[in-house]
Amino acid sequence: MSPPRLALALLDRLLRDPVREAVIGDLSEELHRRAARDGIRAARRWFWRQTLASLAARGRARLHDTVRTGTTLERRTPARLLDAFRQDFRFTRRLITASPVFAVAAVLTLAIGIGAATTIATTVDRALLRPLPYPSGDRLVYLGDPNDDGTIGNVGFATFVDWRDRLKTLDELAVTRGWTPTLVGLEGAQRLSGMRVSWNYFRMLGVAPALGRNFTAAEDHAATWRVVLVSDALWRARFGARPEAVGSLVDLNGLQYRIVGILPPSFEPLVSEHFYSRADIWAPLGYELGGDSSCRSCRHLKAVGRLAPGASVFQARAELAAAHAVLRREHPSDYTAVPPGLNALRDEIGGPLRRPLELLMVAVAFVLLVACANVAGLLVARATDREMELALRAALGAGRGRLARQLLTESLVLAAAAALVGIGVARWGLALLAAYAPVWVPRLDAAAADPVTLLIGIGVAAAALATFGLLPAWTAARGDLQLVLRQSRQSAARRAVRAREALMVAEVAVALLLVATAGLMRQTVDRLLRVDPGFDSHGVIVAGLSLVGPRWAEDAAVRVFQDELLRRVVALPGVEHAALTGQVPLGDNYDRQAFRVEGRTFPSDADVPYAERYSVTPDYFATMRIPLRRGRPFDDRDATGATPVVLVNETAARTLFGGSDPIGRRVKIGGSDSPWRTVVGIVGDVRHYALDRPPTPQFYAPQKQLADSYLVLVVRTATDPAALAAAVRRQVRAIAGDVPVYDVSTLDALVEASVAPRRFVMTLLGLFALATLLMAAIGLYGVVSQSVAARQQEFGIRLALGARPGDIILLVLGRGFRLVLAGVVIGAAAAAALGQAIHGLLYDTPPADPLALGTAVALLLLAALAAHLAPLRRATAVDPSAALRGE
Amino acid sequence: MPTWLGEFEQLVLFAVVQLEPAAYGAPIGALIEERTGRSVSSGALYTTLERLERRGLVGSTWGEPTPERGGKRKRYYTIRPAGREALSRSWQAMRALARGAAPKLERP
């Protein structure tokens, strides 16, 4: 005659140490006596009554103690408190080792959420939140005359001088322009990325050279500017990191420059011709008022200023507007009514990243939420199994706080483990981002994992986990002991299923939201790539060439080089066409010129329209496959000294000629003192800036009549582009050893690069969507499994009463898909709303794109169906008699 | 201030006194149930015994395990002088107060 095992286990687990042995012993002994006297069944009933009454009595006593003394025995000394924590951890360890699958699933799920959130949050921190990495980084502003689209543009040198003298809210004002000198060395000609800057530029940033000295005011003149500062990287690569390099002369563009200093290795050239492009060498601007490039409308300089102490961006903006009003009165033909713009440099640099990063932030927040919801689902499921234990502990006087602490400890252990794995995920994610992101985020490569951001990730996970982990404790602590003891395990399971179902609806909604949004980005990328750029990008390689320095000062020398190069390249095997041009579409070049049509007048010079300028050799159109619409193409007639001619694109023909036929009309390019050129034909539009920007007015001039020193060689080939590139390099070197070949690429790659930022967002979103979809499916599987388990008996009865397996399947599917459909409806509404919020990132894709939404819904339903398969098999395999016997 | 005992504490102490030196949980509970008809839960019994021990009214020692106890040891309790004094005082008080009340309680 032995006591009931479950009762014994309860007593063993729940009674406090000093009396446990005596109580169990007494009850066992008495059980024997009563079994002999009253029979075994009565004795066992007695034992159960004793067990529950004893536990309840002990609980009441503890409660009594707490009320009377305001403290429980356990809480009286720090040593006991420590002991209690140790007990918590021991208990936690036991639970984890008891169900390792649960622990691993929870930790991995959370780690993915934490890792993704940490990666993106760190990127946001680096790209948008931190001050720029200069001592005066948070006071730097970007200012300039307005572009047509309202963004801040460039300024002319004379404007800069006036602003420098008049603006009091800025204590420094500097200007910069791009500079790409050719450095000829033993390894051949190399084209460097550099900048020309006003002499105070580095002083304004607060950056001092690591070696040598800064520029001086005296060096910023037309006669004296041939001095350079060199980046640490270039100094190491080309000057062997020798200190003597400072003070030595270097040959750039065939002229001698003196190196005056080396910048520290940590210096990052955030402000270059295009923000963030690389720069390795800097020289003073060397402009003077009255010079060729110094006029007010010669807008090719970027202005960066530093706010005076105490001055705000708003004050600076107001002062700039006032200064503009005065300047416009003094020089009416040079300024439009639109005032110049001024903005914090950090916002200006981070601006293009803001929208995509915000979208990704929202996405990772959802990933994290779904991860937490999934773990919460697991916890709730497990709590069902522990409900008896928790309720009894509560009845025994383990206060709500004590129980909460136990569950909190478990959550914290899980969260800590997840955070550790999450760090690894984030490190890996940041390395991937730094390597593959199509835009450069400052200092991201060094970010690894930012401890602050990581802490936020851990905090979020722990908070979410604690909230959900405490849920069962709360109910247990509040719950009525008798009720819990009376109810069957099945009804407890049913309540847990309901809680998990609510979480499931949320998970499905979020998964649909992310899948649909990823779908929208996919549509956008697809539609962008289907946009006709106006040229045929397949099989064309491009290569940059610079013909700079005294040797190329005369156009005649440039033309001889061009003819010779094209003659040799066309003769290479596999080459169909080859041409030279000043710039190519989507090539990140910005050569725009004022375009004055004879007979049309404008109120001021500032109102004259601009057009993209392509100076090309005749075969350019055949090479690019840009169609001639009307008139005649360039040919041998258009030689140097012949009547100057131009071709215009359809947009220019439509918008710049006042409605009349452009062919035969005469135009001036650039300044009003330039020669008249006759329009001889109209060609198709190309998309110059981006696939999603409509074609701008464009015109073409023959290289013979308008030679460029920075050229792009375009070659249409039927063979391997890589092999051809090497051959082209050899030909250039054979003709002129001082001409560097750079930016070798294909037109296809340029097209791809123009959609790369969106493709990147799409890829990340797709990954996040996949993660949530997977988690939702796993979560759904768990809920359906639990629900099926809880309804075993019901299914058994139904089967026994003649229900067919098909009916059971419909029952299970009906319940599961009610949740899925609720989630789908909520998620679809949310997706439409989010699509609206990010419409700026979309192209030719409505926020509620039926294809994206439909695909997402279909994917979700498939995943939901997959999650149902295994539980369905179990539901239909119920043995009626076994199910009826159970409990 | 003299120590006063609750009613259940008195019952437990009386049982301990009567059963000494073999006073442990099972016979204490059985004796109370047998003489008073009151069912006693083991948990409540030990709660009281622990409280009495904390107040210095009883002492306890571990005894030997037996097979019918599933190998669990007995916890023997003995009354201490303070317990004897408190029980006697409470009992005297009860008797003094009960004098003459019995006939009235027997009327319906």
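In what follows, chains carry the letters A, B, and so on, assigned in the order in which the sequence lines appear, proteins first and then strands, with residues in each chain numbered from 1.
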Any chance CZ of A:Arg37 has more than 12 other-residue heavy atoms, nucleotides or ligands included, within less than 6.0 Å? yes
Taking every heavy-atom pair that is under 4.5 Å apart, which of A:Val23, A:Thr51, A:Ile24 has the most such pairs with chain B? A:Val23
Taking only residues two or more places apart in sequence or in another chain, which ones pass ring-ring contact (aromatic ring centres under 6.0 Å, His included) with A:Trp48? none
Side chain, backbone, both or neither: which part of A:Arg49 has an atom under 4.5 Å from a heavy atom of chain B? neither
Of all the heavy-atom pairs spanning B:Tyr46 and A:Ala22, show the shortest one and how long it is. OH-CB, 3.3 Å
Closest heavy-atom pair and its distance - B:Gly43, A:Ser54: N-OG, 2.8 Å
Between B:Glu68 and A:Glu30, is there a donor-acceptor pair closer than 3.5 Å when you use the side chain of the first and the backbone of the second? no
Got B:Arg69 and A:Leu27 here, is their nearest side-chain heavy-atom distance under 4.5 Å? no
Thinking salt bridges, do A:Arg33 and B:Glu34 make one under a 4.0 Å N-O criterion? no
Do other residues, nucleotides or ligands put more than 12 heavy atoms under 6.0 Å from the CZ atom of B:Arg35? no
Heavy atoms of B:Ser42 and A:Asp26 approach each other most closely as OG-CB, 4.5 Å
Test of understanding: with ring-ring contact (aromatic ring centres under 6.0 Å, His included), list the residues that count as partners of B:Tyr24, not counting sequence neighbours. B:Tyr76
